[in-house]
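The sequence lines fix the lettering, A, B, ..., with proteins before strands; numbering per chain opens at 1.
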Amino acid sequence: MLEKTPSDRPDAAQRPEADTVGPHAVPLTLRVNGMTHTLSITPETTLAQALREQLDLTGTKIACDRGACSACTVWLDGAPVCSCMVLALEVGAREVTTIEGLTDREALHPVQAAFIEHDAIQCGFCTPGLIMSCVALLKRTPHPSEHEIRAAISGHLCRCGTYPHVLSAVLAAARTEEA
Amino acid sequence: MPEDLRTRSYPVGIAGVALEQLERNVADDEAPPLPPNARLSVIGQSTARLNGPAKVTGRATFTVDVKLPGMLHARMLRSVYPHARILSIDTGAAERQPGVRAIHVIEHPLGRAQELPGPGEPGDAHRRVRYVGDPIAALAAVTPKAAQAALERIVVDYQPLPFVIDLEDARRSDAPRVFDRPVRTEFFLGPAPQLPQHGNVHGPDTSASRGDAAAGLRAAELIVTGEFRTQVQTHCCLEPHALVADWRPEGLTVYISTQFTAGIREELAEAFGLPLNRVRVVVDAVGGGFGSKSRIGNYVLAAVELSRKAGAPVRLALDRHEEQIDSGNRPSTVQRIRLGARRDGTLTAVAIEAYGTAGVALGASVGNFAQSIYECAAFALEQSDVFTHAGPGCAMRAPGNVPGAFAYEQVIDELAERVGLDPLTLRERIDASPLRREQRRIGAERFGWSRRQPPGSSPGTLKRGLGMAQSHWPALIQINSSCEVRILRDGSVEVRSSVQDIGTGITTVLAQVVAEELGLSPQDIAVHIGDTDFPAGPPSYGSRTTASITPPARNAAYRALRLLMEVVAPSLGTTAERLIARGGRIGTLDASRSITFREAAAQLRNDQISAVASRSDDYGGFGRRMGDAAVGRMGLGGVQFAEVTVDTETGRVHVERVVAVHDCGRPMNPRQIESQVHGGILQGISYALFEERILDRHTGHMLNPNLEQYKILGARETPAIEVHVLENYQGNSATDAYGIAEPSIIATAPALANALYNAIGVRLRALPMTPAAVLTALGRVPCGSVPP
Ligand code: FES
Ligand code: FES
């Protein structure tokens, strides 16, 4: 259980002046997909839970709830993290991006389009998390080798076995980006 | 010939090898024969998944995403003992907890072998729990946290009883008994004669035996024997088992992550004494099932009970720990095989003695692999289930045939070596399947089988090996599968069936089938499935979905189109029989006059035309029928080739490459098929090299009940995979299409084992083939210092 608010977080000042928070719900401001939300959460609430249960952003999936599968991957200031391993209170002023915020409502990101084109989807439960990691990879490394893609998604579990098509989809998306 | 039959000519054979026409007498209202895929415009194309956009944007609704107003959250209380009598349960304190709305105590749990009533020890007045994780009670509260807190206030007075976890210990006559009385025998297919039961051993079942195996073994010129062991594997669906139950006075609606909406509806109606028209089962996206989401379980009954008691919708989703200990598993096996053969490799007898454990359930079988794949007149199979105090097994992707093939395909390779034949040459002699003959030929060529060196001859510490193995799975059909096609007055088209899409892509395939028939494109078709308000569709298990639902879909489209053509024929100055639908138009055969599909639909007097069709029998007849299921006359096959490297210093096995050649009748969507074959191969590799449920024999607790210590394959362990699918026509239904999920996993583990043997010259006969097992086999670790 979190007892102290992390004082090194930029937003620490926003919260009540107390050394301890909880066990009851506390107010929290989260910046998600470009919007600011004020919510009330108990301190042990993870970012994944806050997104799914309070903000109805259910595109972020929870499969193991302990950092083993990466289904819950979102970005914090553009960097992929397992949102089941981050407390909502720890997020602070960092910008959260979820699968719903990857692009404007209608348009698909080239990686999303490539996932469809290459059928890098079966049941689709791992898919949002995988896409968040793959898009983040292309932002860092626009022309990854297959080896780099494998490394970038090595924390993701896909029980349906979409990995071969994920690899070809990301390679293709990288080529499209170039074009 | 009866009046309503018509003689029609169907393409039969393997495209590109030998195709001929076969005449069949089929019912007059069946859609006419389809030509091979090369002459079709939508079927056989890799149409992109229609639910792809929803899945890549996070918009697809999985059951865990369903949220209803006033929804409560449920948790289950589970046994912490592997075996105990429950002397009392006190729920008083839990009931008084804030936010608690209902509590349900489970008295008659499902999902395990059921004891027969009758003589024997007098019935126990107390409920017994029989494995760690056995559900005891469930409770619903306003938040998940309140539910968990209240759960901890339920007081259970257990009287712990002796238990047995280890398979070999459980077979002893003095072992603690899991069941006091005989349990009801259950078979997956076919009639179930009651089997004997001694202690924890239920069986043997010898019903698959044929001929005189003892005589066959005596007549043999050589005998190959082997003992093989396979482990317990868990399904690890990424979406957990979950439902939202909404009990109302007017009826029950259940949103559930399931492989069989129509089956769940029937089971719920029976369990709660409701008529079918008061039960509705709904699902959109399903996050994996692999066999474990086929039936209702204790969690489903509990959530429905809680909803009934609380008068509110109740959500129940298992957590990962519960998934690992109580959502089913692939049972373990021990298989002793004796193969009698002549020096030319032909088989004189096969004798298999097998046992294994599905914990408190039945089902540790070796399937129908050995009995079906190779020619041998004398076959003896004795298989038994051994009960242990462990979570119940259930069907998992190609149940029985996966462990069965791991053992049998290795013995066949051993026989090949003993008689001095290449593994492919031996199979050429003993495998009558024309499909697999072609698959071996294509596979060997693409894979470069001729590069294979003698076993153990690979130099250096990193040794390379090549191996292959074959697959066999029955072609199953759910005969009570129905589908409706509606043509609406604006020219749009709907397909409706309760069939569910668990990720196999049936949504897209249904749109393709209907689009082909109506001369439209798949994007024009709205596919509404996963809801029992629609005509009852088949389950998504047994690789039977495509074979069961695509023929009725095509027939329904055909019949709806006929009705539309009747309406528009006068305006085109002709009769319906002289019209054809193609390229978005309906017109005369000679193309002299036509109108768009939309213009045609606009002529409808009513808002829509609808036709419902159900699965007809295979045109050539079924091989066998049992209740709602049937087995086609021709099985599904496949051949897989694997190349591995083995590091003889670390024991690590790496799969470099797999070439897989399969058949599934008429391939409907090659890219989706490829996806499924990838899935089968990758799950097969994961099973072969990494996965194992580990139970502590001293406490009965699972030691790796999560996804970090229970290892499954990831991207780094994924080899290069090449998939080839034959087009195999049989003229058996309106689409002639079959599934591929199960055939694609069966050959993988034995192909790896055979490749591993080829690399290091030592055979591994137990799964998983971990680095420790490899080093032990190589004599690099003193025997006994490595955990089994
Ligand atoms: S759910 Fe977060 S890593 Fe698995
Ligand atoms: S697509 Fe099913 S888990 Fe990845």
Quiz item: So which part of A:D119 gets closer than 4.5 Å to some heavy atom of chain B, the side chain, the backbone, both or neither?
Solution: both
Quiz prompt | All salt bridge (Lys or Arg N to Asp or Glu O under 4.0 Å) counterparts of B:R652, not counting sequence neighbours | solution = none
Self-check item: From B:T545, B:T507, B:T508, residue fulfilling side chain to side chain donor-acceptor pair (under 3.5 Å) relative to B:D501
Solution: B:T507
Exercise. Against chain B, label A:I121 side chain, backbone, both or neither, depending on which of its atoms sit under 4.5 Å from a heavy atom there.
Key: both
Quiz item: Can A:R175 and A:E117 be counted as an ion pair, charged N to O under 4.0 angstrom?
Solution: no
Exercise. Using a strict cut-off of less than 4.0 Å between a Lys/Arg side-chain nitrogen and an Asp/Glu carboxylate oxygen, indicate whether B:E722 and B:R657 qualify as a salt bridge.
Key: yes
Exercise. Answer yes if the side chains of B:H662 and B:Q640 hold a donor-acceptor pair under 3.5 Å, and no otherwise.
Key: yes
Quiz item: Given that the side chain runs from C-beta out, which part of B:S46 has a heavy atom under 4.5 Å from chain A: side chain, backbone, both or neither?
Solution: neither
Quiz prompt | Winner by heavy-atom pair count (cut-off under 4.5 Å) against chain A, out of B:Q676, B:H235, B:R671 | solution = B:R671
Self-check item: Contact winner vs chain A - B:E674, B:R59, B:E717, heavy-atom pairs under 4.5 Å
Solution: B:E674
Quiz prompt | Proximity breakdown for B:N706 and chain A, heavy-atom pairs closer than 4.5 Å | solution = side chain
Quiz prompt | Segment of B:I712 engaging chain A (4.5 angstrom heavy-atom cut-off) | solution = both
